Amino acid sequence: MELSKAYDPKQVEDKIYKLWQESGFFNPDYLPGKRKKSYTIVVPPPNITGVLHMGHALNLTVQDILIRWKRLQGFKTLWLPGTDHAGIATQNVVEKELKKEGLSRFDLGKEKFIERVWQWKEKYGNIILEQFKKMGSSMDWSRTRFTMDEGYTLAVKAAFLHYYEKGLIYRGKRVVNWCPRCQTSLSDLEIEFKEEKGKLWYIRYPIDQKSNIKNQKYVTVATTRPETMLGDMAVAVNPKDERYKNLVGQNVVLPLVNIEIPIIADRLVDLEFGTGAVKVTPAHDLVDADIGFRHKLGIKQVIDERGKITKDAPLPYQGLSVLEAREKIISDLQNLGLLEKVEDYIHQIPKCYRCNTTIELIPSEQWFLKMSAQGGGLAEMAIKAVKSGKIKFYPKNFEKPYLEWLKNVKDWCISRQIWWGHKIPIEGSEDVLDTWFSSALWPFATLGWPSSAKATEGKAQKNDLQNFYPTDVLSTARDILNLWVSRMIFSGMEFMKKIPFSRVYIHPTVLTKEGKRMSKSLGTGIDPILLIDKYGADATRFGIAFQIMGGQDIKFLEDNIMMGKKFCNKVWNASRFVLFQSGQNKIENAKSAFNSKNLTPADKKILKSLEETIKFIDKSFDSFEFGQAAHRVYEFFWHDFCDSYIEISKKEGGKESKNVLAFVLFSSLKILHPFVPFITEEIYQNFPFKDKQKFLMVENWPK
RNA sequence: GGACGACUAGCUCAAUGGUAGAGCAUCGCGUUUACAUCGCGGGGGUUAUAGGUUCGAAUCCUAUGUCGUCCACCA
């Protein structure tokens with residue numbers, strides 16, 4: 001045998017990947033044999049901003065295991081790669097780049113800026129796809145898509161117009177989450193709440209002199225955001241609150257602004273909190289907007305898109321930033337004797353998930369997609385798809401948060417005031433679409449939808465939609481369950497009249513050993529590319545798969561990757577031994593490798609163990625139990641095969657033992673292949689059987 | 001404030017009602033036709049706590065604690 005003593009992934013992996021690519025077998029159209037049933041996975045398209053992180057590495061491992069397993073089982077497998085333009089995220093990284101040159105996007109202007117983002121996409125967008133290859137991903141590169149390529153853009157346009165004509169898209173002025181830095185609206189899912197120490201200010205609103213209220217000069221309200229009082233339209237109390245019953249219907253004078261506003265009763269007011277009386281600012285708070293709408297209070301916007309006080313506020317405050325205004329208002333109130341007390345208060349502050357700027361709530365003209373959970377609405381379709389069991393979640397407990405979210409979902413604000421993205425296809429609108437609007441079309445837009453719009457030009461083959469939709473499994477991270485998964489589901493049902501995938505696998509989150517989220521900014525992340533460099537892709541994959549136990553989050557241990565490397569070396573050396581044996585024995589045929597009449601008990605035992613292992617792996621893969629499968633194959637190969645059977649065969653091998661050795665190894669390569677594709681392929685290429693395939697990748701899965 | 005999950009050997013995890021296992025770490029022995037990235041063997045656990053169900057509980061139930069993730073309009 002020509003195999004070297006220790007396995008060196010660097011000598012093997014790139015070489016093997018190149019051979020696979022040249023074979024064309026990543027492409028379902030060129031797979032050998034009769035393959036009637038298709039098996040499709042579309043990869044969750046990574047943002048073009050990023051580099052591969054452990055979450056990707058895990059997800060790629062999982063998907064490649066499934067795809068390789070099904071390919072070996074004779075399915076027409078398609079794993080479709082691609083990337084996402086990731087609107088705000090990408091715009092932000094390019095802006096950061098510009099900042100280094102002392103420029104802003106406004107200095108460049110819209111056209112030049114977008115050009116610049118495309119340059120970024122060309123330069124960095126492919127890096128992540130190259131990293132996919134490093135992981136051994138058997139994706140069909142001829143079908144690579146980008147959420148802003150030509151055909152995809154047509155799909156997005158068609159989808160928008162479809163909703164628009166159906167009356168599901170409307171425009172309206174609503175209080176929306178607004179990032180003063182990104183200068184755009186954000187959906188609820190794009191904000192993150194962070195705990196901050198703040199104050200709770202108790203402010204006295206003088207009761208109107210004309211009111212016949214005795215013994216009470218003020219109503220005191222508690223607020224964490226005194227600056228918004230400039231836009232107050234009412235003071236609200238709970239209708240059941242006895243303390244304020246006599247005040248409802250009366251007026252107070254809004255301090256600093258000196259206008260009269262009413263005291264109203266509304267059930268949304270919590271009796272327990274603060275004083276039980278709350279200032280109502282319909283322009284800058286969602287609950288207040290709701291209250292204001294019901295009581296027809298009107299709206300006064302006092303904070304603008306840049307986070308400055310508007311001209312609708314009293315002169316002294318105009319142009320101040322929110323924080324400056326807050327300071328001045330507090331000191332002014334203090335001078336007037338209207339500040340009753342101040343308490344420390346810890347609360348959740350909404351932050352932009354991309355740039356961490358504090359979110360302002362401001363009224364703004366936006367586009368919305370109706371999300372009704374009744375009457376055949378989009379949310380209802382997505383609910384039914386899961387409730388009916390057509391789409392199953394693994395683990396099942398993710399169904400609950402999914403359904404809860406959809407049940408209570410508000411209309412989806414789909415417009416963004418940024419430059420990088422799909423333009424809203426309506427005359428006069430400069431807005432672009434929320435990046436998830438295009439991502440929602442991923443399972444079918446990538447396969448050529450809508451064929452009528454000639455979107456098939458280029459990558460997708462003519463009949464891809466018929467052949468590969470619905471896809472089989474969507475494997476993704478849990479934090480985009482609603483952001484992405486639910487939206488793909490209703491989009492698929494709306495446009496294709498069919499669910500986009502039948503099974504959703506929510507993969508475990510990779511945490512640090514301490515159980516904390518891996519974070520780039522904290523420096524607690526681990527770069528899978530470095531792991532590949534150090535241990536090889538096979539070892540990295542095996543080490544990751546080994547740790548996937550149920551839906552449990554993974555406290556990542558590099559030791560497991562080390563274990564993967566040792567395991568690979570074991571496979572390598574066992575193969576060296578067996579191939580040397582069979583080389584002497586001149587076995588030429590896998591099918592008739594041994595004569596089953598002359599088997600020793602040990603021969604029979606290892607064959608039975610192999611059979612059971614195969615069954616177990618099939619069952620495990622089918623239920624996404626990758627760790628269980630990895631443990632079993634490890635146990636089988638290392639202990640049953642190497643420690644026990646090989647050692648026995650050396651000392652008291654039967655007539656057929658050398659043949660059985662070769663046969664069991666041959667089968668082992670197949671069942672190991674989904675985990676560790678490179679090393680198994682390399683060994684396979686050195687196997688002496690004459691009736692083997694060109695590549696292990698397209699062998700027949702053993703039974 | 002809700003929902004979900006975790007808590008088992010020093011570490012990371014198995015074991016879903018029947019005498020608690022693996023890998024790593026640790027200790028001892030060992031170079032026999034692959035592999036020292038190895039082989040053989042040893043030590044190490046009242047399964048977070050308190051109750052309950054059961055012939056029998058790591059496993060089921062109830063509380064408590066700690067940690068984690070997601071959701072949420074308490075100003």
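Residue numbers start from 1 in every chain, and the chains themselves are labelled A, B, ... in the order their sequence lines are given, proteins ahead of strands. The model shown is predicted, which means the values in this text are computed figures rather than measured ones.
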Looking only at B:A6, B:C35, B:G23, the nucleotide nearest the A:Q552 side chain is B:A6
A:M549, CE: over 12 other non-hydrogen atoms inside 6.0 angstrom: yes
Side-chain donor or acceptor of A:K650 under 3.5 Å from a matching atom on the base of B:A34? yes
Distance check: side-chain N/O of A:R517 vs OP1/OP2 of B:C67, anything under 4.0 Å? no
With a 4.0 Å limit, can you tell me whether A:K534 has a side-chain N or O closer than that to the phosphate oxygens OP1/OP2 of B:U37? no
Test of understanding: with side-chain hydrogen bond (donor to acceptor under 3.5 Å, both in side chains), list the residues that count as partners of A:E13, not counting sequence neighbours. none
What nucleic acid atoms does A:K565 come within less than 4.0 Å of, heavy atoms only: base, sugar-phosphate, or nothing? base
Please confirm whether the shortest side-chain N or O distance from A:K5 to OP1 or OP2 of B:C35 is below 4.0 Å. yes
Suppose we call a contact any N or O donor and acceptor under 3.5 Å apart; does that hold for the side chain of A:E404 and the base of B:A72? no
Strictly below 4.0 Å: does A:K400 bring a side-chain N or O up to OP1 or OP2 of B:C4? yes
If you measure from the Lys or Arg side-chain nitrogens to the Asp or Glu carboxylate oxygens, is any gap between A:E647 and A:K650 under 4.0 Å? yes
If you look only at distance, which donor and acceptor atoms sit under 3.5 Å apart when one is on a side chain in residues 221-234 of chain A and the other is two or more places apart or in another chain?
residue: A:T223; atom: OG1; partner: A:R225; partner atom: N; Å: 2.9
residue: A:R225; atom: NE; partner: A:E227; partner atom: OE2; Å: 3.0
residue: A:R225; atom: NH1; partner: A:E360; partner atom: OE1; Å: 3.4
residue: A:R225; atom: NH2; partner: A:E227; partner atom: OE2; Å: 3.0
residue: A:R225; atom: NH2; partner: A:E360; partner atom: OE1; Å: 2.9
residue: A:R225; atom: NH2; partner: A:E360; partner atom: OE2; Å: 3.4
residue: A:E227; atom: OE1; partner: A:R326; partner atom: NE; Å: 2.9
residue: A:E227; atom: OE2; partner: A:R326; partner atom: NH2; Å: 2.9
residue: A:T228; atom: OG1; partner: A:R225; partner atom: O; Å: 2.8
residue: A:T228; atom: OG1; partner: A:K279; partner atom: NZ; Å: 2.6
residue: A:D232; atom: OD1; partner: A:K279; partner atom: NZ; Å: 3.1
residue: A:D232; atom: OD1; partner: A:T281; partner atom: OG1; Å: 2.6
residue: A:D232; atom: OD2; partner: A:Y205; partner atom: OH; Å: 2.6

Basic-acidic side-chain contact under 4.0 Å: A:K10, A:D8: no
Mind checking if A:R225 touches a base, just sugar-phosphate, or nothing, with heavy atoms under 4.0 Å? nothing
Phosphate oxygens OP1/OP2 of B:C35: is one of them under 4.0 Å from a side-chain N or O of A:K566? no
Quick one: is B:G39 close enough that its OP1 or OP2 comes under 4.0 Å of any side-chain N or O from A:W638? yes
Test salt bridge (charged side-chain N to carboxylate O under 4.0 Å, His left out) applied to A:E399 and A:K387, step by step: CA-CA 9 Å; A:E399 280 180 15; A:K387 271 197 175 166; over 6 Å; no
Mind checking A:C568 for me? I need base, sugar-phosphate or nothing, with any heavy atom below 4.0 Å counting as a touch. nothing
Taking only side-chain nitrogens and oxygens of A:Y345, does any of them come within less than 4.0 Å of OP1 or OP2 of B:A75? yes
Are any of A:Q628's side-chain N or O atoms less than 4.0 Å away from OP1 or OP2 of B:A15? yes
Kindly check if the number of other-residue, nucleotide or ligand heavy atoms within 6.0 Å of NZ (A:K392) is above 12? no
Could you work out which one of B:G68, B:A75, B:A34 sits closest to the side chain of A:A574? B:A34
NA contact type, A:L557, heavy-atom cut-off 4.0 Å: base, sugar-phosphate, or nothing? sugar-phosphate
A correct dot-bracket answer for RNA chain B, with pairs being Watson-Crick or G-U at under 3.5 Å, [ ] for crossing pairs and | for inter-strand pairs, is (((((((..((((....[..)))).(((((.......))))).....(((((..]....))))))))))))....
Regarding A:D643, tell me which of base, sugar-phosphate or nothing describes its non-hydrogen contacts under 4.0 Å with the strands shown. sugar-phosphate
